[in-house]
Colleague: 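Take a look at this one; I'll ask things after.
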Amino acid sequence: MTSAKPELPDYLGNIRIILTRTSHPANIGSAARAMKTMGLNKLVLVAPKTYPHPDIDALAAGAQDLIEKIEIVDTLEQAIQDCHLVFGTSARSRTIPWPLLDVRPAAKEALQAATQQQNIAIVFGREDRGLTNEELALANYHLTIPVNPEYGVLNVAQAIQVICYELRMAALEQNTQQMT
């Protein structure tokens with residue numbers, strides 16, 4: 001028996017993934033692949049160290065259409081200038097006063113804004129140290145993924161996959177609720 005593919009709403013196009021100052025080109029390709037797998041298609045790069053690069057295409061594995069549409073900007077401010085809601089991701093616990101959301105409630109918050117035709121950004125920092133406090137200060141929320149406290153290590157593509165999965169699941173749930 002073949003099951004029908006669930007349709008994803010167009011408003012997922014209002015959500016962009018932003019990679020800030022990426023140093024490993026393979027992570028760009030892996031991010032595009034993770035995004036496409038979950039139905040997201042806007043990838044913005046802020047001052048990538050190496051772009052273009054063959055590793056990007058190799059690791060995109062079928063997400064070449066996303067690679068071709070990548071937007072490249074010089075600053076994070078440019079990447080988020082038209083965004084209504086910005087989530088800054090971080091694995092490190094910080095003593096900064098931004099509202100902190102785990103990925104699941106953050107996905108629901110992002111989708112609610114996206115349904116109102118607002119532009120949403122989910123920002124990832126450098127592979128070796130993440131976002132600076134100054135970059136996090138540009139976000140409305142500090143987004144975290146609840147991981148094993150004894151070993152909470154995700155690479156950027158894994159983190160993007162988890163967040164895009166939660167966005168997809170929230171969108172599918174929202175579609176199901178609207179259909180009933």
Side-chain angles (χ1 to χ4, degrees), residues 5-22 28 31-47 63 65-66 69-94 96-126 130-147 154 156-180:
K5 288 195 317 193
E7 290 294 318
L8 285 175
D10 290 340
Y11 57 75
L12 279 179
N14 296 337
I15 301 172
R16 71 188 66 162
I17 301 295
I18 300 173
L19 299 178
T20 304
R21 303 189 189 289
T22 307
I28 297 168
R33 181 179 183 177
M35 290 171 60
K36 183 161 183 165
T37 300
M38 294 300 145
L40 281 89
N41 60 23
K42 286 190 179 174
L43 180 58
V44 178
L45 305 179
V46 176
D65 56 328
L66 269 69
K69 296 187 310 185
I70 286 175
E71 181 183 348
I72 299 176
V73 297
D74 294 325
T75 68
L76 181 54
E77 290 83 357
Q78 290 172 315
I80 64 172
Q81 69 185 354
D82 65 337
C83 290
H84 301 89
L85 186 59
V86 178
F87 295 88
T89 62
S90 180
R92 291 178 289 152
S93 178
R94 304 184 195 206
I96 38 187
W98 296 287
L100 178 65
L101 283 178
D102 283 348
V103 64
R104 190 158 293 166
K108 290 180 180 181
E109 182 88 17
L111 282 181
Q112 180 158 358
T115 62
Q116 305 300 314
Q117 300 306 309
Q118 295 182 359
N119 292 322
I120 315 305
I122 302 172
V123 183
F124 295 83
R126 296 147 197 80
L131 294 169
T132 65
N133 285 347
E134 293 77 21
E135 290 165 336
L136 265 177
L138 299 172
N140 302 99
Y141 291 99
H142 178 178
L143 187 155
T144 63
I145 298 171
V147 293
L154 291 173
V156 70
Q158 291 169 328
I160 289 169
Q161 184 77 59
V162 169
I163 291 169
C164 289
Y165 170 80
E166 289 294 342
L167 288 163
R168 179 181 181 80
M169 295 311 294
L172 292 172
E173 180 181 321
Q174 193 171 63
N175 268 5
T176 301
Q177 290 172 352
Q178 289 174 353
M179 295 171 69
T180 57

Colleague: Under 4.5 Å between any side-chain heavy atoms of Ile122 and Ile163, yes or no?
Modeller: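 Sidechains of Ile163 and Ile122: in contact.
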Colleague: When you measure from the side chain of Gln78 to the backbone of Thr75, do you find a donor-acceptor pair of N or O atoms at a distance under 3.5 Å?
Modeller: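 It does hold such a pair.
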Colleague: I'd like to check Asp102 versus Pro146 (side-chain heavy atoms, cut-off strictly below 4.5 Å). Are they in contact?
Modeller: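 Of all side-chain heavy-atom pairs linking Pro146 with Asp102, at least one is under 4.5 Å.
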Colleague: Can Ile18 and Leu45 be said to form a side-chain contact (heavy atoms from CB on, under 4.5 Å), step by step?
Modeller: CA-CA 6 Å; Ile18 300 173; Leu45 305 179; over 6 Å; no
Colleague: Checking the side chain of Thr20 only, and the main-chain atoms of Phe124 only, is there a donor and an acceptor separated by less than 3.5 Å?
Modeller: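 Here the side-chain-to-backbone pair exists.
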Colleague: If you take all heavy atoms of Ala31 and Ala157, which pair is closest and at what distance?
Modeller: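 Closest heavy-atom pair between Ala31 and Ala157: N-CB, 4.2 Å.
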Colleague: Would you indicate whether the side-chain heavy atoms of Val123 and Leu136 approach each other to under 4.5 Å?
Modeller: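 No, too far: nothing below the 4.5 Å cut-off.
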Colleague: Taking side chain as C-beta onward, heavy atoms only, is Gln117 less than 4.5 Å from Asn14?
Modeller: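 In short, these two side chains touch, coming nearer than 4.5 Å.
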Colleague: Start with the C-alpha distance between Lys108 and Glu173, add both sets of side-chain angles, then the distance that settles side-chain contact (heavy atoms from CB on, under 4.5 Å), and finish with yes or no.
Modeller: CA-CA 10 Å; Lys108 290 180 180 181; Glu173 180 181 321; 4.2 Å; yes
Colleague: May I ask you to decide if Thr132's main-chain N or O and Glu135's side chain share a donor-acceptor pair within less than 3.5 Å?
Modeller: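 It does hold such a pair.
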Colleague: Quick one: closest heavy-atom pair of Ala63 and Ala32, and the distance?
Modeller: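 For Ala63 versus Ala32, the nearest heavy atoms are CB-O, 3.7 Å.
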Colleague: Any non-hydrogen side-chain atom of Gln116 less than 4.5 Å from a side-chain atom of Tyr11?
Modeller: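 No, their side chains stay 4.5 Å or more apart.
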Colleague: Are more than 12 heavy atoms from other residues, nucleotides or ligands located less than 6.0 Å from atom CG of Asp82?
Modeller: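 Enclosed: over 12 neighbouring heavy atoms sit under 6.0 Å from CG of Asp82.
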Colleague: Can you check side-chain contact (heavy atoms from CB on, under 4.5 Å) on Leu138 and Ile80, steps first, answer last?
Modeller: CA-CA 9 Å; Leu138 299 172; Ile80 64 172; 3.8 Å; yes
Colleague: Within the 4.5 Å heavy-atom criterion, are Ile120 and Cys83 side-chain neighbours or not?
Modeller: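 The answer is no; the side chains never approach within 4.5 Å.
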Colleague: Any donor and acceptor pair, going by atom type alone, linking the side chain of Thr89 with main-chain N or O of Leu143 inside 3.5 Å?
Modeller: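 Here the side-chain-to-backbone pair does not exist.
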Colleague: Kindly compute the distance separating CG (Leu167) from CZ (Arg104), expressed to the nearest 0.5 Å.
Modeller: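 Answer for the CG-CZ pair, Leu167 versus Arg104, is 11.5 Å.
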Colleague: Before giving the answer on side-chain contact (heavy atoms from CB on, under 4.5 Å), spell out for His142 and Thr144 the whole-Å C-alpha distance, their side-chain angles and the decisive distance to 0.1 Å.
Modeller: CA-CA 7 Å; His142 178 178; Thr144 63; 3.9 Å; yes
Colleague: As a test of understanding, state which of Asn119, Leu85, Leu40 forms a side-chain contact (heavy atoms from CB on, under 4.5 Å) with Ile15.
Modeller: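 The side-chain contact (heavy atoms from CB on, under 4.5 Å) with Ile15 is passed solely by Leu40 among Asn119, Leu85, Leu40.
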Colleague: If I take atom CD from residue Gln118 and atom CG from residue Leu111, how far apart are they, to the nearest 0.5 angstrom?
Modeller: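 Rounded to the nearest 0.5 Å, the CD-CG separation comes to 12.0 Å.
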Colleague: Quick check: closest heavy atoms across Asn175 and Pro9, and the distance to 0.1 Å?
Modeller: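 The pair with the smallest heavy-atom distance is ND2-CD, 3.7 Å.
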Colleague: How long is the gap from CG on Leu12 to CZ on Arg168, to the nearest 0.5 Å?
Modeller: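 Reported value, rounded in 0.5 Å steps: 8.5 Å.
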Colleague: Is a side-chain N or O of Arg16 found less than 3.5 angstrom from the main chain of Ala79, in a donor-acceptor match?
Modeller: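 Looks like yes, one N/O pair under 3.5 Å.
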Colleague: To check you understand the geometry: which heavy-atom pair defines the closest contact between Ile28 and Thr22, and what is its length?
Modeller: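 Heavy-atom minimum between the residues: CG1-CG2, 3.9 Å.
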Colleague: Give me the atom names and distance for the closest heavy-atom approach of Ala34 to Ile160.
Modeller: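 The pair with the smallest heavy-atom distance is CB-CG2, 4.2 Å.
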Colleague: Quick one, Ile17 and Val44 - any side-chain contact, counting heavy atoms below 4.5 Å?
Modeller: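 A side-chain contact is absent here, since even the closest heavy-atom pair is not under 4.5 Å.
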Colleague: So do the side chains of Leu101 and Phe87 get within less than 4.5 Å of each other, counting heavy atoms only?
Modeller: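 A side-chain contact under 4.5 Å exists here.
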Colleague: Return the CG to CZ distance between Leu76 and Arg21, rounded to the nearest 0.5 Å.
Modeller: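 The CG atom of Leu76 sits 8.5 Å away from the CZ atom of Arg21.
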